[in-house]
Amino acid sequence: MSVLPYLLAVFVFLVGLYGIVSSRDLIHLTVCVSVCQSSTYILLLAIGYREHATAPVYGDIPASRKVVDPVVQSLALTDIVVAVAVSALLLAFALRAFEHEGSLDPREMAELKG
Amino acid sequence: MVPLQSIALLFVALGALLVVLVRDVVRQALILSLYGFALVVLFLVFQAPDVALSELVVSAVAYPLVVVAAIARIAAHRKRRGE
Amino acid sequence: MKLPLRLAVFGVGVAGLGFLLVWGVADLPPFGHYAGPYGDIITKLVEPQRHMANAVTAVVFDYRGFDTMGEELILFSAASAVALLLREIRERDTVDVVDAIRSDAIRGLGVLVAAATLLLALYVVSHGFVSPGGGFQGGVVISAAFLFVFLTGEYHAYARLMPTKFAEPLESFGAGAYVALGLIAFGFGLAFLENFLPLGVTGRLRSGGSAALVNWASAFAVAGGFLLIYAEYLEGNMAARYRRSKP
Amino acid sequence: MTPLLPLLTAIPLLAAALLALAGKWLKDPVPDLAGFAAVAAPLVLAAIVLARTGGHVLTYWFGGWRPRAGDFPVGIGWAVDSLGAAFALFVLALLLSALLYSWRYLQEERYLYVVLMLAFGGAMVAFVQTGDIFNLFVFFELMSVAAFALTAYQVEEASPLQGSFNFAVANTIGAFLVVFGIALLYGRTGSLNLAEIGQRLTFDGKHDGLVVASFVFITCGFLVKAAIVPFHFWLADAHAVAPAPVCVLFSGVMVELGIYAVARIFWVVYSGALGAFDTPIRDVLLVVGVSTAVLGALMCGLQRHLKRMLAYSTIAHAGCFLIGVALLTPDGLAGAALYVLSHGLAKGALFLVGGILLVTRGGIDELLLFGLGRRLRLPAVAWFVAALALASPPFLGTFTAHALIEDSAGAEGYWWVPLVLAFATIGSAAAIIRAGLRVFFGVGDRDDPLLSEEPTESPPAEEKPRLALMYAVTLLLAFGGLAVGAWTGLAATAMEAGHTFTDQLSYIHVVLDHRPPAPAPPGEWVTTTSSVVWSVVTLVGAVALGFASTIRARLPDAATRVLAAGFAPLRAVHSGHIGDYVAWLVLGTGAIGAALAVAIR
């Protein structure tokens, strides 16, 4: 049980990779990349979690309460921005490639061979 | 681990699997949004409200919308080519 | 490679990669037992040192503010690139735009919801050091406010409110201001991005010192970056969609 | 000097944002001039920093979070040694050359081009200076995103954007691997500072699954950027579509930064904990490096698209850099560093000649350009001087680099390393010479059964190219690449820098305890007879094979068929299909991981 959340991250990562490898549509593929990326936030947040602890925000709670790790949360925040930025760029590439090739299937656009 | 966490974990695992396995991009965008919501719940039970808030806006709403917009553009383009 | 062969290569690889992943995470401390020390040191220091109630925001904009600067620039570069790539297609596709939704009630509702979201966003940004929130999340919510205008179908209102000519300077300004704030501290003879303002009282709105300014710079950069991305994707679409709905 | 360190990266990044803000209203030369200034100023600073790092490691703490000696570092710190400073200087120098060259090269929204180049350069400078593992990742991503955008810059062109797509997906997955590694390390050590992580791992002394897996993930993630087999597929696609001045940075520094990161992380973080396993790590990295060098050398003999051919040549040399680092000795590292310098300048010049051909002759295809470059005398000079620099001639170009790596390999008992370096060098230089002979002199035949069919690139819109400036920059880089080998004093300096770089304990003491670094033993380099012999062999081999390759069409049909059949599987693997690339990436990571797991467990 104590490794289950970590295993979830591993699972999501591998599932995303499978999606990328087997994809037949660049938009589908881009979404799979973002699934892959979501595994990194899951892993980060799972590592910083503590049993019976609250969020690292001290609005009204006494400072003596046990809190979860704030650093992994800030890393996950950074990671989310990176993810969206990259995904938006990938979609734009896919759109342009479609303009040029008339297809979104990676098999039909392998012009760069050898 | 509390039951709520287990349920959230299960939903995320299922969501990820569905997003990848659904090959129709419009449906995929819809499921992506649901997957985003599952992640939001997971982050809340992981005591990460800041991350959950960002995830809610970005991955559950904004990103799927951008994907749909891209799909619509492709459809429009295809239609024009077909005409 | 044909699909079966590709999957075979992938399958062999995944056997190794999956084993490696599981082997690696199995040696992590058990779930729920993070051993520290980085986060613990921060949670102890953040109140006395920084007068901030939200440790996450303190890490994002103060202790590790330099990372966030890099992150804003990532968003800035990506959004500029998306604009560059899609603008040309859009210019080719754009024709006259007619608003499809003619109901004043829906229009009014859209603007109302957008205004409420915007207020919420400003609250989220400004309370970042007090409660969950801060420049990044707030910036995202600001951009979402404009999405509501879009979703209620008011292209002209949306175009007036949020053309790219407004999103682009906003993101550049935010990213630039972030770096500039680092350099201002530098100008005071402090370290890059070091705090140069009084810290204020914990739990109050005006706490956080110059990290509060960094917080706002980041809000602008994020809001601008996201707006630009939406705009580039949605506007071309609006044009396509409305052309079809035209009588 | 230390307080000025952040300016190296802050000036280009601030200039990028300001230029994006005001770019639309600025009249023509202003964005370019601003770009030159925003690179030249940190360039001067970087030179001063480099002069100050001799034997020192400069540290800088952002936000003023300098820990007291022995305390836990809560902020982000930079730690700059000679090698890091030299890399920063080199990045900025190549960036300035590329910007000067492209003054009139690209027209479309050109202020955005300058903006992206500045962000790219600023990110690379931060990447080599940082001493924090997550900061390393952030600037890795910034440099990647700017690079993705730059490959797709010529939006008016019908060039296949799929090259950029493949580049972006492969590198993004590499970045995920890096994050997984970082997360594992954070779970174990609770720290993000490289020195602190290294200290804790060494103190733990464990070499369990977590340590091995995180090492494999971070190494493989960065090797994707370094275009090492089997992670290299994206590189040729990206180079084929990116503008020539951007290729200068891709081939000259970006790829090399991947190897730099592997070296930095290995020595600071893992060299203590995995100290007893030097041999298996060395063997695995050497196998990977050798495959890269051989594959790159073979593939560049098959390309007719000049930029794609040069990209495969970069892969061959990247394999050689990795071999130098993989020896895990200070001298091998020093050799790799010198190699990067000489190769970056020479390869840069070659790409710039490619750009000149595009602008003046409207093509980048070796056979279509056959004999068309006869009147381009200065570019021809630059092309052959750069080819010579890469062929490792005695006491010029990559000679000292080769010699250092070979001597170090010999001392470790790897007698076959010179053979591999010679093979890679001959293969890559011969292809460059072959193309040069055909394009600039019309030597040999106009048809070549072994070259592949490639889509050709159409030239960028051109009003009045500043050809004089383009020629000057190109020649400067070419002769610079050649001169590196002649400056033998540089070898001793590089050896000292290599010692400082590989001294884990000293690095940790400097960063965490503010102690001065342990002095590096003075580098002393003597030319051995065997390195001169090998260098003559490679030079003669490269020239002979280069001439011979121009008349491959005259081979008997049977021989051609056998050769073509032999190369066919190699070609087929480079399919241009991103799914294939990712499958190989997964296989490579799994294989490297399995090999190390077996050896270390």
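Protein chains get the first letters and strands the later ones, always in sequence-line order, with residue 1 at the start of each. Side chains are part of it too, since the values below use all heavy atoms of this structure and drop only hydrogens, waters and symmetry mates.
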Closest heavy-atom pair, Phe11(A) versus Ala13(B), reported as atoms and distance to 0.1 Å, is CE2-O, 3.6 Å

Bottom line for Leu45(A): the part with an atom under 4.5 Å from chain B's heavy atoms is both

Chain A shares the most heavy-atom pairs under 4.5 Å, among Leu21(B), Leu10(B), Leu17(B), with Leu17(B)

Whatever's closer than 4.5 Å to a heavy atom in chain A on Val25(B) counts as side chain

- Aromatic ring pairing Phe43(B)/Tyr41(A), orientation class (parallel under 30°, perpendicular over 60°, tilted between): perpendicular

Cut-off 4.5 Å, heavy atoms of chain B, and the answer for Val84(A) is side chain

Honestly, the part of Ala83(A) sitting under 4.5 Å from a heavy atom of chain B is neither

Applying a strict 4.5 Å limit to non-hydrogen atoms, the region of Ile20(A) in contact with chain B is neither

Applying a strict 4.5 Å limit to non-hydrogen atoms, the region of Val19(B) in contact with chain A is both

Check your understanding: Can any side-chain N or O of Gln73(A) pair as donor or acceptor with the backbone N or O of Gln47(B) at less than 3.5 Å?
Key -> yes

OG of Ser22(A) to CZ of Arg23(B), rounded to nearest 0.5 Å, is 3.5 Å

Cut-off 4.5 Å, heavy atoms of chain B, and the answer for Val68(A) is side chain

So, the part of Val45(B) with a heavy atom under 4.5 Å from chain A: the answer is backbone

Nearest heavy-atom contact between Tyr35(B) and Ser38(A) is OH-OG, 2.6 Å

